[in-house]
Amino acid sequence: MAADGHEIRYIEWTDPPTDVAARGSILFMAGRGDAYEKYLETFEHWRLKGWRVTAADWRGQGGSGRLGNDDATGHIDDFALWIEDLGQFWKEWAEGRDGPLVLAGHSMGGHLTLRALIDKAIEPEPAALVLSAPMLDVFPEFVPLAVKRWLAGAMSAMGDPKRPAWKISEKPGAKIATRQHLLTHDDDRYEDERWWRNERPELRLGPGSWAWVKASAHSSTAMFRPGALESVKIPTYFVATDADRLVSPSAIRAAIKRLPDADALIFGKEARHEILREEDGVRGKALAAIDDFLDRRVTN
């Protein structure tokens with residue numbers, strides 16, 4: 001439960017096998033429109049490596065309620081609310097845990113975990129940060145953030161800021177029939193998400209609101225201000241793809257260059273946005289790279 005009483009849904013995945021050496025704990029935060037059910041396969045991979053895994057749904061999506069005018073629109077007025085929620089959840093989650101603590105995030109979850117570290121909202125400090133295709137900026141890449149801020153602000157002011165900023169799917173102009181082409185090459189893993197949404201309709205979420213778009217642009221601006229990324233000293237590992245059509249690959253590469261202790265595995269056209277839900281060849285390579293990073297940089 002958040003500080004203001006809003007209920008945050010979370011899951012404590014099964015403890016590691018008794019015959020596997022304990023490594024520590026990972027808190028995983030998913031992307032915009034996601035619910036943690038999409039990543040159970042990854043949680044099981046980490047569990048078998050000795051990690052205790054927890055995941056939570058962001059306030060306003062998944063099983064953590066809604067903030068907009070309806071159940072379909074993903075709304076937030078300011079990303080600072082999510083960062084505050086994460087900071088409180090992390091502090092309570094970390095208390096009494098043995099071993100190193102790792103923070104991990106996908107897409108918008110990657111953005112918010114990195115912003116939380118920039119804002120010094122995460123205490124105690126994690127041993128490492130793992131980012132999967134983090135949403136550090138959005139398309140079109142050639143439009144400066146200042147222009148995106150102005151446009152989003154103008155559109156928010158022209159009507160109800162809680163109204164959806166686009167019609168369907170994951171991005172403006174995309175059709176629901178081509179949604180998978182933005183996310184993964186793997187048919188079975190894509191169908192797994194559809195199965196969960198059918199079984200648990202309350203998890204479904206559609207477009208973001210104009211207020212969400214405005215908040216995203218302002219948060220990205222704060223992230224790329226001088227000295228912000230440079231202030232994050234902990235080891236950070238990225239898995240991303242230059243073929244991403246949901247989040248900006250160039251923004252990811254810029255962040256990697258500026259972070260003091262960052263490493264990365266960058267895929268090409270063989271990977272779409274949901275790298276941890278990609279076909280086995282890509283997914284296995286990504287998980288192996290993350291495992292190696294944690295082996296090298298995080299110790300008991």
Side-chain angles (χ1 to χ4, degrees), residues 1-4 6 8-10 24-34 36 39 53-62 64 67 74 76-95 97 100-138 145 208 212 214-240 247-248 251-252 254-256 258-262 290 294 297-298:
M1 184 173 291
D4 62 359
H6 190 101
I8 304 296
R9 189 182 72 137
Y10 70 95
S25 299
I26 296 174
L27 175 62
F28 180 86
M29 303 300 298
R32 197 206 72 80
D34 279 347
Y36 58 61
Y39 301 93
V53 183
T54 306
D57 288 340
W58 295 106
R59 176 196 297 244
Q61 67 176 48
S64 293
L67 301 175
I76 196 78
D77 290 317
D78 192 325
F79 279 17
L81 179 57
W82 278 330
I83 292 169
E84 181 182 351
D85 285 349
L86 176 59
Q88 179 189 333
F89 189 93
W90 173 273
K91 184 177 181 179
E92 295 175 357
W93 172 83
E95 188 174 355
R97 288 181 178 265
L101 307 177
V102 175
L103 183 57
H106 168 70
S107 196
M108 187 187 79
H111 176 117
L112 290 166
T113 54
L114 184 54
R115 262 297 309 276
L117 287 166
I118 289 171
D119 291 358
K120 310 300 182 188
I122 303 295
E123 293 291 341
E125 186 176 79
L129 177 65
V130 175
L131 303 176
S132 165
M135 186 202 77
L136 307 187
D137 193 8
V138 296
L145 271 170
W212 179 91
K214 177 182 175 182
S216 172
H218 279 270
S219 187
S220 290
T221 300
M223 182 178 298
F224 282 99
R225 71 182 185 270
L229 289 162
E230 290 79 2
S231 71
V232 179
K233 308 296 185 183
I234 69 171
T236 303
Y237 196 80
F238 290 74
V239 291
V247 305
S248 167
I252 291 172
I256 292 168
R258 287 179 53 182
L259 286 163
D261 190 357
I290 294 170
L294 294 175
R297 303 305 309 276
V298 180

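Here side chain to side chain donor-acceptor pair (under 3.5 Å) pairs that include residues 118-128, with residues two or more places apart or in two chains, are Arg115-Asp119. Counting only residues at least two apart or on different chains, the salt bridge (charged side-chain N to carboxylate O under 4.0 Å, His left out) pairs with a member in residues 78-91 are Arg59-Asp85.
Within the model, atoms CG of Leu101 and CD1 of Ile26 stand 10.5 Å from one another, a figure rounded to the nearest 0.5 Å. Note that CG of Leu131 and NE2 of His111 are 11.0 Å apart. Values are rounded to the nearest 0.5 Å. Note that CD1 of Ile118 is 4.5 Å distant from CG of Leu229, once rounded to the nearest 0.5 Å. In this structure, CG on Leu136 lies 8.5 Å from CD1 on Ile256, to the nearest 0.5 angstrom. To the nearest 0.5 angstrom, Leu86 atom CG is 13.0 Å from Phe79 atom CZ. Note that the CG atom of Asp137 and the OG atom of Ser220 stand 5.0 Å from one another [nearest 0.5 Å].
Looking at Pro235 and Asp261, their side chains come closer than 4.5 Å, going by heavy atoms from C-beta outward.
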- request: Could you please spell out the steps behind the side chain to side chain contact (heavy atoms under 4.5 Å, CB included) verdict for Arg97 and Thr54?
  value: CA-CA 12 Å; Arg97 288 181 178 265; Thr54 306; 3.5 Å; yes
Item checked: Pair Lys214-Asp77, side chain to side chain contact (heavy atoms under 4.5 Å, CB included): steps then yes or no -> CA-CA 8 Å; Lys214 177 182 175 182; Asp77 290 317; over 6 Å; no
Does the side chain to side chain contact (heavy atoms under 4.5 Å, CB included) test come out yes or no for Leu294 and Val130, once each step is laid out?
-> CA-CA 9 Å; Leu294 294 175; Val130 175; 4.3 Å; yes
Query - Residues Leu129, Tyr237; criterion side chain to side chain contact (heavy atoms under 4.5 Å, CB included); working and verdict - result: CA-CA 6 Å; Leu129 177 65; Tyr237 196 80; over 6 Å; no
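For Thr113 (side chain) and Gly110 (main-chain N/O), a donor-acceptor pair under 3.5 Å exists by modelled atom type. In this structure, Glu230 contributes its side chain and Pro260 its backbone to no donor-acceptor pair below 3.5 Å. Between the Arg225 side chain and the Ala222 main chain, a donor and an acceptor come within less than 3.5 Å of each other. Ser231 places a side-chain N or O within donor-acceptor distance of the main-chain N or O of Ala228, the cut-off being under 3.5 Å.
In summary, of the residues considered (Tyr39, Trp58, Phe238, Phe28), a ring pair (Phe, Tyr, Trp, His ring centres under 6.0 Å) with His106 occurs for Tyr39 alone.
Between Phe89 and Tyr10, the ring planes lie perpendicular to each other; the angle is over 60°, past the 30° to 60° tilted range.
Nearest heavy-atom pair, Val247 versus Pro134, reported as atom, atom and distance to 0.1 Å: CG2-O, 3.7 Å.
Under the 3.5 Å distance criterion, with hydrogens and angles disregarded, no donor-acceptor pair is assigned to the side chains of Ser64 and Arg9.
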